[in-house]
Amino acid sequence: MIETQLPLPELAASELRLLIGGERVDAASGERFEVLDPATGEPLASVPAGGEADVDAAVAAARAALPVWGAMAPASRAELLWNLGTRIAELSEELATLEALDNGKPRAEALMVDIPLASEIFRYYAGWVTKIEGATIPLANGLPFHVYTRREPVGVVGAIIPWNFPLLMCAYKAGPSLAAGNTIVIKPAEQTPLSALRLADLVEEVGFPPGVVNVVTGDGPGAGAPLAAHPGVDKITFTGETGTGQKILEASKGNLKRVSLELGGKSPNVVFADADLDAAVEGSYGAVYFNQGQCCIAGARVYVHEDVHDAFVAKLLAKLKAVRLGSGLLEETDMGPLVSAEQAERVGGYIDSALAEGATELAGGGPARLEDELAGGYFVRPALFTDVTPEMRVMREEVFGPVGMVSTFADEDAVIAAANDTNFGLAAGLWTADVKRAHRVAAQLHAGTVWINTYGFFDVAVPYGGFQMSGYGKELGAEALDPYLQTKSVWTDLS
Ligand code: NAI
Ligand code: MG
């Protein structure tokens with residue numbers, strides 16, 4: 001049994017209930033569902049099984065709060081967002097433990113990435129609240145009109161959150177939504193609802209007006225689908241699976257609500273022969289295996305120049321052999337469990353498919369991948385394959401687990417073509433000492449983010465989002481405000 005400072009007493013204070021219109025309430029049905037600890041498979045807590053009635057109530061509360069939120073001085077709204085960011089930073093230790101418990105990720109990683117970035121997002125967008133401006137537009141035809149634009153909120157936002165970065169994805173969606181003057185209904189992933197409910201506590205604590213932020217836990221069909229279809233929702237922002245994104249788009253058509261989609265990828269990571277090999281190995285390890293590989297940006301298609309392939313693979317393998325699997329709460333853990341039994345099964349299926357399609361396995365320990373000594377938890381050992389071909393499922397579909405595929409290449413044009421041979425386009429990485437090549441190749445890769453001699457860095461000020469089937473609607477940076485705003489043109493006759 002792992003001894004830890006469980007944050008559950010704080011969570012228990014709100015009795016892990018929904019936040020609707022400033023009230024902590026149970027699901028209308030009275031039903032709850034269990035949240036499991038992915039390191040053991042044991043129940044961790046139970047949360048309300050929100051459904052259509054709860055979504056209706058939350059959307060009504062969010063709509064009622066719109067004029068209240070809009071009437072508040074921008075500086076006061078900014079202060080609330082800032083204070084929320086500050087509280088998240090102050091509670092870093094607790095929130096990191098909560099994410100490690102709920103998602104399985106190493107606590108140190110949550111403390112380094114999830115929590116500080118979530119905090120910074122609220123503070124960064126606090127700065128934008130007072131800077132949302134229109135323009136005065138001189139008419140092209142020179143007629144005597146005074147025309148100006150207003151940047152207005154779209155209204156009620158529904159945020160459908162994935163389980164890989166539970167609190168952080170709430171911040172990605174809520175930060176710019178609220179800064180733009182919208183109100184929001186957050187639907188966390190059913191696998192990882194705890195940090196969103198803790199966020200609800202903090203929203204209440206810092207004093208947001210009732211209904212500005214609402215949190216409804218529940219599963220996809222029960223709570224996500226009614227939110228996506230709701231006529232009272234003006235915009236859905238979603239991160240998750242491509243197929244779910246397509247369902248959400250279908251559901252949006254009834255009231256033509258705005259939709260932003262961040263749908264993952266199949267990102268390439270290219271290592272040229274002149275790269276700093278140790279840095280490339282280190283960076284590629286993170287690209288493939290960070291967060292147990294459960295990253296939309298995972299650079300799992302690794303292309304290594306034939307001159308350095310063997311050296312690269314040897315170094316990467318040495319790293320993989322040293323990886324310690326264990327509970328995310330333990331300091332010595334390098335890699336935690338996957339989020340759920342379903343995900344472990346899915347990833348095991350991809351590993352089996354690679355073997356069946358003829359790939360060569362360099363690291364890993366049997367197709368099922370479940371470690372005996374960690375039985376009960378959803379552990380999957382890091383896997384590495386060579387002799388992969390572009391048609392294999394693992395090269396075309398998002399695996400979302402600790403599985404890397406190494407291919408070789410001989411020349412630049414060929415590797416660019418191989419890297420771009422995907423329907424996705426979220427991210428890409430390249431490693432080279434040649435600055436001209438670096439930017440020449442970066443310009444040709446079809447991806448919303450390209451990292452040169454690094455991988456996976458994020459900053460709140462830098463826009464992020466996909467090309468092609470990785471979705472549309474940027475997150476982070478000033479650009480992330482655009483999908484949450486609509487422009488009104490106002491004409492005055494001066495003749
Ligand atoms: P998912 O896309 O089905 O779930 C993400 C969120 O959408 C959850 O909150 C879920 O409750 C909600 N949802 C599910 N069905 C819905 C529906 N019909 N209408 C509205 N909301 C709905 O992802 P899932 O099933 O958890 O994971 C499957 C795969 O999706 C993963 O293996 C991975 O490849 C991908 N994925 C990608 C993520 C990314 O960051 N791009 C994050 C999570 C999953
Ligand atoms: Mg799903």
Side-chain angles (χ1 to χ4, degrees), residues 33 35 38 47 49-52 55 102-103 105 114 158-170 172-173 185-196 215-230 233 236-254 257 259-267 290-298 300 338-351 378 380 393-394 396-403 423-427 448-449 456 458 464-466 469-473 475:
F33 65 93
V35 181
V47 302
E52 199 166 343
V55 168
D102 202 6
N103 166 280
K105 64 178 67 202
D114 300 59
I160 300 178
I161 308 294
W163 42 258
N164 53 344
F165 295 90
L167 180 70
L168 182 56
M169 290 301 119
C170 291
Y172 266 54
K173 315 294 191 194
V185 177
I186 298 174
K187 206 299 280 174
E190 55 272 37
Q191 297 85 351
T192 56
L194 299 182
S195 56
V215 179
V216 177
T217 52
D219 65 11
L227 188 61
H230 206 290
V233 172
I236 290 284
T237 172
F238 169 74
T239 298
E241 188 178 6
T242 305
T244 306
Q246 287 166 328
K247 281 187 203 158
I248 286 170
L249 204 52
E250 274 294 322
S252 74
K253 71 184 182 193
K257 57 175 67 71
V259 177
S260 299
L261 302 171
E262 203 276 76
L263 305 177
K266 192 76 240 177
S267 298
F290 181 74
N291 211 36
Q292 292 70 246
Q294 300 167 132
C295 288
C296 36
I297 53 153
L338 299 200
V339 72
S340 63
E342 185 190 7
Q343 195 61 17
E345 185 126 333
R346 220 182 123 96
V347 172
Y350 275 113
I351 292 172
Y378 315 132
V380 174
R393 277 183 65 207
V394 287
R396 308 219 70 86
E397 300 173 20
E398 186 172 51
V399 173
F400 231 62
V403 183
N423 293 329
F424 290 109
L426 191 56
T449 294
F458 280 80
Y464 160 73
M469 287 191 77
S470 291
Y472 41 77
E475 305 200 280

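Counting starts at 1 for both ligands and their atoms, in listed order. What you see is a predicted model; the values in this text were computed from it and never measured. One is the number of the first residue; the rest follow in order along the sequence.
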Give a yes or no answer on whether the side chain of [X] reaches the backbone of [Y] with a donor-acceptor pair at less than 3.5 Å.
| X | Y | answer |
| --- | --- | --- |
| Gln292 | Pro402 | no |
| Ser470 | Gly264 | yes |
| Gln294 | Asn291 | yes |

Report yes if some heavy atom in the side chain of [X] is under 4.5 Å from a heavy atom in the side chain of [Y]; otherwise report no.
| X | Y | result |
| --- | --- | --- |
| Trp163 | Gln343 | yes |
| Pro193 | Asp102 | yes |
| Lys105 | Asp114 | yes |
| Val55 | Val185 | no |
| Val399 | Arg346 | no |
| Tyr172 | Phe165 | no |

Heavy-atom gap Gln191 to ligand 1 smaller than 4.0 Å: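 Yes.
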Phe238 near ligand 1 by a heavy-atom separation under 4.0 Å: yes
Would you mind running through ligand 1 and noting each atom that sits below 4.0 Å from a heavy atom of [X]?
| X | value |
| --- | --- |
| Gly264 | 41 (N) |
| Cys296 | 39 (C), 40 (O), 41 (N) |
| Ala225 | 19 (N), 20 (C) |
| Lys247 | 18 (N) |
| Lys187 | 8 (C), 9 (O), 10 (C), 11 (O) |
| Ile160 | 6 (C), 7 (O), 9 (O), 12 (C), 20 (C), 21 (N) |
| Ile161 | 6 (C), 8 (C), 9 (O) |
| Pro162 | 42 (C), 43 (C) |

Nearest-neighbour protein heavy atom for [atom], which is reported as residue plus atom name and distance:
| atom | value |
| --- | --- |
| atom 35 (C) of ligand 1 | Glu398 OE1, 3.5 Å |
| atom 38 (C) of ligand 1 | Phe400 CZ, 3.2 Å |
| atom 3 (O) of ligand 1 | Thr244 OG1, 2.9 Å |
| atom 13 (N) of ligand 1 | Gly220 CA, 3.4 Å |

Ignoring angles and geometry beyond distance, decide whether [X] reaches within less than 3.5 Å of ligand 1 through its nitrogen or oxygen atoms.
| X | answer |
| --- | --- |
| Leu263 | no |
| Trp163 | yes |
| Asn164 | yes |

Show the nearest heavy-atom pair for residues [X] and [Y], with the distance to one decimal.
| X | Y | result |
| --- | --- | --- |
| Ser340 | Gln191 | CB-CG, 4.4 Å |
| Lys257 | Ala228 | NZ-O, 2.7 Å |
| Val394 | Tyr350 | CG1-O, 3.4 Å |

Closest candidate by heavy atom, reference atom 21 (N) of ligand 1, pool Gly240, Gly224, Pro193: Gly224
Between [X] and ligand 1, which residue portion shows a heavy-atom distance shorter than 4.0 Å: side chain, backbone, both, or neither?
| X | answer |
| --- | --- |
| Leu227 | neither |
| Glu190 | side chain |
| Glu241 | both |

Side chains of Ser260 and Lys173, donor plus acceptor under 3.5 Å: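 No, no side-chain donor-acceptor contact under 3.5 Å.
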